[in-house]
Structures are given as structure tokens and as C-alpha cells.
Amino acid sequence: MKFTGQDTRLYFRLLRYVFPYWQTFLIAVVGMVVLAATDPAVAALIRPMMDGAFIENDPETMVLVPLLFIGLFTIRGLATFASGASMHWVANKVVMDLRSEMFQKLLSFPSRFYDHQRAGTLMSKFTFEATQIRDASTNAITVVVRDSLAIIGLVGWMFYIHWQLALIVLIVTPLIALIVFIIRKRLRRMGRKVQESMADIHHVLGECIDGHKLVKLFGGQEQETRRFTEAINNNRKYLMKYAIAAVASSPAVQLIAAFALAAIIYIASGQAARGELSVGDFISFFTAMAMLLTPLKRLVGVNEHLQKGLAACESIFGLLDLPQETESGSRNLEHVRGELEFRHVNFHYEGKDDAALRDITFSIKPGETVALVGPSGSGKTTLANLLPAFYQLDEGTVLIDGVDIRDISLA
């Protein structure tokens, strides 16, 4: 599994959210280490079972090996529970912390930020993308730690039994790594597309729900149906492309492993027939090799969870890195009389060429009632938004009781 520099930075940044819960995370890691250590232990028990119990008919071995199997799988069960429960607890805490931080960030963004953001896109970060990060911070870590250690242990046992045969297993490793590298880029690209399509679904659905009266008044049911159908169909297509890339890696890895397996069986059976390899050694080696395929497949498959999680990290951390609203004033008005004055105010919205307000000057005395009258788009709402400093002026001054609003704290 190959990481780019950006992948590594994203993942280490994600792990910083795990660090506050390092004690629970340590329990999970210890459980995974114990679980990984039992894999080669299972293969190792096969040798005395075959040679001692079945070949030599040793009564002591016949009793001891079954008891060791019971003890071994009891330990595996406890380790599985401890690591699984701990990792899920940590992952859910990480997702909760990220959601909380994103929400706090949303409250601190200036109004200009919301002018260029769709509600569905933001909601998707809290719902869909957050769950992708949870998978990356649990399933991925669990598989990488547990199965990497299991593979090392199983390969080590295979070298101990017959190093020449074990070399055949190692030959296929670069080929598997190449397959993972090729598919990784495809998974990352499709992962981004899936997230964007989910945001589109949220957006269309939110607009339809919020504007259901307008849809009915103007007979827009057919148009909204087409929009929603297009959004969900795009999501389906990208999910399918992602799934095809994800499932393609496993058969390719299994095919390479099958060739290696066939070569090992052929060589080992010939040596066993010549008495160069005992039955227990052969069965133990074959068991370790067979057990190696499962963690190897999971290790290849974890790329799918990682790429989804890293794509979600890009999106969520991109939101968290956006600058929040700047504070220009520090003055607090203790007793407000309510005198308002606009002096030569000019303002235009970001991305718009035409000014929303041009050289606006007027004053309102305390207790005075003033009506702003004009067609839609003439600037009435803009004037109201400038008073609480939702937007910064291009030119001019807005005063409350003779004090420039830029000198007053936002709070």
C-alpha cells in the first residue's frame, strides 16, 4: 500500500484526533497484536498434531494439542472483542469531535462564506463524509496493524519450516503492491465524485422540502423530479465505478496468489514424497500459507476504506482550514440610543460585477420609523445586513450613535 505525501499528512492529521483517547486506543492495539500473534500459533500447532498425534500416536500430544487449541481460540475471542470495542469507541469519539469542530467553525464564518455554499454540500460533510472518516480510523487501522503483524508472523513461521518455499510467497508481493498502486488513484478520484454527488442529492432534496409551496404553485413537480433523478443517478454511477475498481483488486490478487500456491504445492509434495519434508511440516506450511491469504486480502481491501476516508479528510479539513470572520473592533456600546447613519456607502457582493449599493447616505433618529421601499434586488435587505456587520463595506461608513460599526466588537 503506497501513500503519497499528501495522503500521509492527511492521515497523521486524522490521527491527532485519536491521540486524546490514546489509552483506549492502546487497548485496541494490544488486542490486535495478541490476535495477530495467534495466527502463526495456530499454524505451529498443526505440526505436532500431525506428526505427534496422527503419525506417532503419542497419547500426551493427543490430549495436549486439543487443550492448546481451546486456550488459543479463547485468547483470540477475548482479543477480538477488546480490540473491536475499543476501536469503535475511539472512532465514534473522533467523528463526534470532528462534527463539533465543524459546527463551531460554521458559526464563526462570515456571511460571504454562505453566499457561495450550498446547504446540501455542508450537510453532507456532517453526515456522509464523517462516516467515511470513521471507517478510515477504525477498519483501516485495525486491518493494517492486525493483518500486517499476522502476515509477518505467518511468513516468519513459513521461513522457519522451509525458507526456499517461503521465498516463492515473497515474490508475489511486488506484483500485489503494483495492483494496489494502480487502483488507489482510481478509488481516490471516484471517492471524491461520490461525495460531490451525495452533496448534490442533499442540495436538491433540501430545496424541494424548503420550497415545496413554490413547487406546487408553479407546477414544478416534473422539473424537480428530473433534477432529483439526475442527482441520484449520478451518485449511482459513481458508486458503481468505485465498486468496480474496489472489487477488481481482490480477484487480481487471488489469481497471483493461486499461481504461487500451485508452485508451492508442486515443490512441497515432491519433497514430501522423497522424505525431505515431514507430513507435519508440509501441513503446517500449507496451513500458514492458506491463513496468509485472508489477511492479505483484507490488507488489499483496506485501500477502499482508506481512499474513501482520505477523500473525506480532504473535504472536512478543507472546511476546517477556512478563515473565520475577522474581528476589527473592540468597543462595546453600553447604552444604545438608536441613532443610525449611513454615509456614502458603496457595496457589492463577492463575484458580482454590479454594485448592490451606490453612494447611499441617510440618517434615522432615535425612535423614528423609516420605511425602505423598492423592487426586489434594489438593496433593502443589503442595507439591513450591513448594520449588524454581516458584510464589510467597500466604501463609506455606517454609524450607531455616532460610532463607526467597524470599531464595535462583533459580539
How would you list all residue pairs meeting salt bridge (charged side-chain N to carboxylate O under 4.0 Å, His left out) that involve [range], not counting sequence neighbours?
| range | result |
| --- | --- |
| residues 19-33 | none |
| residues 146-170 | Asp147-Arg298 |
| residues 219-234 | Glu207-Arg227, Glu222-Arg226, Glu224-Arg227 |
| residues 242-259 | none |

- Message: Salt bridge check, Asp321 against Arg13: does any charged N sit closer than 4.0 Å to a carboxylate O?
- Response: yes
- Query: Crowded around Lys105 NZ? As in, over 12 foreign heavy atoms under 6.0 Å?
  - Reply: yes
- Please say whether more than 12 non-hydrogen atoms of neighbouring residues, nucleotides or ligands are located less than 6.0 Å from CE in Met123. no
State, yes or no, whether a side-chain contact exists between [X] and [Y] at a heavy-atom distance under 4.5 Å.
| X | Y | value |
| --- | --- | --- |
| Phe73 | Leu78 | no |
| Asn385 | Ser111 | no |
| His202 | Thr127 | yes |
| Phe362 | Ile360 | yes |
| Arg331 | Val403 | yes |
| Phe128 | Val194 | yes |
| Asn234 | Asp200 | no |

- Message: Taking side-chain hydrogen bond (donor to acceptor under 3.5 Å, both in side chains) as the cut-off, I'd like each qualifying pair that reaches into residues 62-86, sequence neighbours left out, listed once.
- Response: Thr38-Arg76, Asp39-Arg76
- Taking the six-membered ring for Trp, are Tyr17 and Phe317 parallel (under 30°), tilted (30 to 60°) or perpendicular (over 60°)? parallel
- Mind checking the OG1-CD1 spacing from Thr121 to Ile201? Nearest 0.5 Å is all I need. 11.5 Å
- Message: With rounding to the nearest 0.5 angstrom, report the CG to CG distance, Leu154 to Leu149.
- Response: 11.0 Å
- Query: Residues two or more places apart in sequence or in another chain: which of them pass side-chain contact (heavy atoms from CB on, under 4.5 Å) with Gln392?
  - Reply: Arg406
- Side-chain donor/acceptor of Asp401 to backbone N/O of Glu339, under 3.5 Å: yes
